[in-house]
Number of protein chains: 2
Amino acid sequence: MADISAPPRVTSVDVARRAGVSQSTVSLVLSGKARGRISARTEEAVRAAAAELGYRPNVAARALRTGVARSVALVVPDITNPFFGRVLRGAQRAAQEAGYTVVLVDIGNNRAWEAASVQALLAGPADGLLLFESDLPPGTSEHAIQIEMMPGRGLPVVRLDVEAGVDFAVDHLLALGHTRIGHVSSNFDAPTFDLRAARMAERLGGPPPTVKAPFTFEGAKQAALDMLDEGVTAVFCDDDILAGGVYLAARDRGVRIPEDLSVIGFDDLDFARVLAPPLTTVAVDAEGLGAIAFEALARDLAGDRPPDEQVMPVALKVRESTAPP
Amino acid sequence: MADISAPPRVTSVDVARRAGVSQSTVSLVLSGKARGRISARTEEAVRAAAAELGYRPNVAARALRTGVARSVALVVPDITNPFFGRVLRGAQRAAQEAGYTVVLVDIGNNRAWEAASVQALLAGPADGLLLFESDLPPGTSEHAIQIEMMPGRGLPVVRLDVEAGVDFAVDHLLALGHTRIGHVSSNFDAPTFDLRAARMAERLGGPPPTVKAPFTFEGAKQAALDMLDEGVTAVFCDDDILAGGVYLAARDRGVRIPEDLSVIGFDDLDFARVLAPPLTTVAVDAEGLGAIAFEALARDLAGDRPPDEQVMPVALKVRESTAPP
DNA sequence: TTGTATGCGTTATCAG
DNA sequence: CTGATAACGCATACAA
């Protein structure tokens, strides 16, 4: 039989009755504000009663009263991408330690949903927002941190050092002797990708041959096929998934990696290691990114001003997908 | 300057004042219970005022008053695994349509955290639980659905047809002429993995050579190395990640796939396609699993009894990692 | 058809 | 040191 009746919630009044004190005393004790106001004896009695009854404060009531939900939202473009899973885990760990809960909003790579989702959130239980490659809807004033965005729109930013990342990558390729280097870039419109393109152009003395691809192996493969026609000897990919697409295209065309084509990815997703040959890629601390972002938001929520911009180091992980041309 | 002051929240009282009606009228209109009770004119006025003011009901207040939060929690073993990302997305999509929000709890493959996390949830804003390969802490009576568990402990279950999955896999291997088939199994303790082992033993007329591995490429590789020593000509893996470990081990030992060793995975994660050779695997509708599970929970929450067990079909996706011995 | 009054469980401000 | 008491914003029974 379906259990319609709600589980019998035990409230602070129940605890008070059990301990033989008033409800406000219970609240005082349990919220840790009893320092020198409540006798050790009563405090003990209250705690015992609460434990016996299995009392858990009602978060809705607390949120209503205090105006804070101790919860933040993380908005990501695509939770299906393991990278964001790692970011979420990092944020969640940091949040848990601070007594916060994080609710995940997955945009599903669909910018159209974005506004609606974020709107829903603002009405919702979120004290603040962690926005990954995403903007605050205009007109909304909220506590928010932007991840992987550039500073300048008033919100604190936490981002990867992508400039260093592309520098590592192209320097590595240049050192190997490559001169015709292509760029397999993301067709998802975000500042971090613009930045990569700009940086490559800068280091290479002009814009490289470029194709734009979606974050799917199949889509990236199609784009990479075009890139192969350009006659490049090496490609830098905005993401490991894109690099996977390049592997697929190369396999189709019979071009060997790294003998005929060097490829470098970005993110160091787990599967980069299991590709054949193992992918050289820019390794990134995704969990750290999430954790740092949460911490910045926590400071903001606490009324403390977080840094305007925090950039996290990256490192080139040289495996076997790169070689001299 | 950090904005300490909370954004000025607009309440139903503000809307009422603006529309020149009482607060209860606003509530009636906005909760859709105005059918034939409120004149079209006032209703219009209320809606206009709400829109102008940008009114969003306070969820904490509503939750306190009604006793429901319109939010469910999804507990997964490891959000870093893309499979669970897909499940989450499916659940989230279904939830969004029903006006629910889903909060994700990542156990991080750490059973020790599990109880604590779930406990926190029960106190929290979750009306119900979606438990992936996880049990309800004893003594807690809550609305919950189990995913990828076996029926029998009182909770409705939504699961994959893993029996069919292993049948497809071993039939395929048998048809190819394999007789020495190994099992690379998960060391994460869950019924779905026990079921696979049992089914294989059943189909094979006895327990196959087996190794247990964690869900990491490196760990799976180590385990697979042992398996290679057993002299099997084919392996069935509980998961594509495990299969990836087998690829790594095979590469190390110089055994060729599929000429020397056939391998079959489970889940059809995206990267299965980009492996060399592309992995033959049991494809599974992870998003559907999440969606169906949410729907079952929604029915439960509505006081309607969900099916005791729902099993979702799977299909063998034959690619190039299997061949005759 | 609409308004008044009440309470959900908490925290916080006061008196005592 | 402790206990009444007043909100927080909303939904709803009941009165008008």
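So you know, we letter chains A, B, ... as the sequences are listed, proteins then strands, and number each from 1. No hydrogens, no waters, no symmetry mates; every other heavy atom, side chains included, goes into these values.
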Query raised in the report: How is A/Ser31 classified with respect to the nucleic acid when contacts are heavy atoms under 4.0 Å: base, sugar-phosphate, or nothing?
Result: nothing
Query - Sugar-phosphate only, base, or nothing, as touched by B/Val26 at under 4.0 Å among non-hydrogen atoms - result: nothing
**Report entry** More than 12 heavy atoms from other groups under 6.0 Å of CD on A/Glu97
**Finding:** no
Round to a whole Å and report the spacing from [atom1] of [X] to [atom2] of [N].
X: A/Tyr55; N: C/dG9; atom1: OH; atom2: P; result: 10 Å
X: A/Leu30; N: C/dA12; atom1: CG; atom2: C1'; result: 15 Å
X: B/Glu44; N: C/dT1; atom1: CD; atom2: P; result: 16 Å
X: A/Gln23; N: C/dC8; atom1: CD; atom2: C1'; result: 13 Å
X: A/Leu64; N: C/dT10; atom1: CG; atom2: C1'; result: 8 Å
X: B/Glu43; N: C/dT1; atom1: CD; atom2: C1'; result: 12 Å

Taking 4.0 Å as the cut-off, does a side-chain nitrogen or oxygen of [X] come that near to OP1 or OP2 on [N]?
X: B/Thr66; N: C/dC8; result: no
X: A/Thr11; N: C/dG9; result: no
X: A/Ser12; N: C/dT10; result: yes

Requested in this report: Kindly write out the residues that satisfy ring pair (Phe, Tyr, Trp, His ring centres under 6.0 Å) with A/Phe193, not counting sequence neighbours, or none if the list is empty.
Outcome: A/Phe215
Query raised in the report: Do the charged groups of A/Asp285 and A/Arg86 touch, with an N to O distance under 4.0 Å?
Result: no
Report task. Could you tell me whether A/Arg299 and A/Glu295 have a side-chain N and a carboxylate O separated by less than 4.0 Å? Result -> no
Under 3.5 Å, N/O pairs linking protein and nucleotides 13-15 of chain C:
none

**Report entry** Non-hydrogen atoms of A/Pro156 and A/Ala144 that approach each other most closely
**Finding:** CD-O, 3.6 Å
Requested in this report: Please tell me which of A/Ala60 and B/Thr42 maps to the more 5' nucleotide of DNA chain C, matching each residue to the nucleotide holding its nearest heavy atom.
Outcome: B/Thr42
Query raised in the report: So how far is it from A/Thr11 OG1 to A/Gln23 CD, rounded to the nearest 0.5 Å?
Result: 7.5 Å
**Report entry** Outermost DNA chain D nucleotides near chain B [under 4.0 Å, heavy atoms]
**Finding:** D/dG9 to D/dC14
Report summary line: Residue pair A/Ala61/B/Ser27 against DNA chain D: nearer the 5' end by closest nucleotide is A/Ala61
Query raised in the report: For B/Ser24 and B/Ser27, does a side-chain donor sit closer than 3.5 Å to a side-chain acceptor?
Result: no
Query - Validation row: B/Asp14, B/Tyr55 side chains within 4.5 angstrom (heavy atoms) - result: no
Report summary line: Exactly one of B/Leu131, B/Leu104, B/Ile147, B/Asp106 clears side-chain contact (heavy atoms from CB on, under 4.5 Å) with B/Val75, and that residue is B/Leu131
Query raised in the report: If you check the A/Arg62 side chain, which of C/dG9, C/dT2, C/dT11 turns out closest?
Result: C/dT11
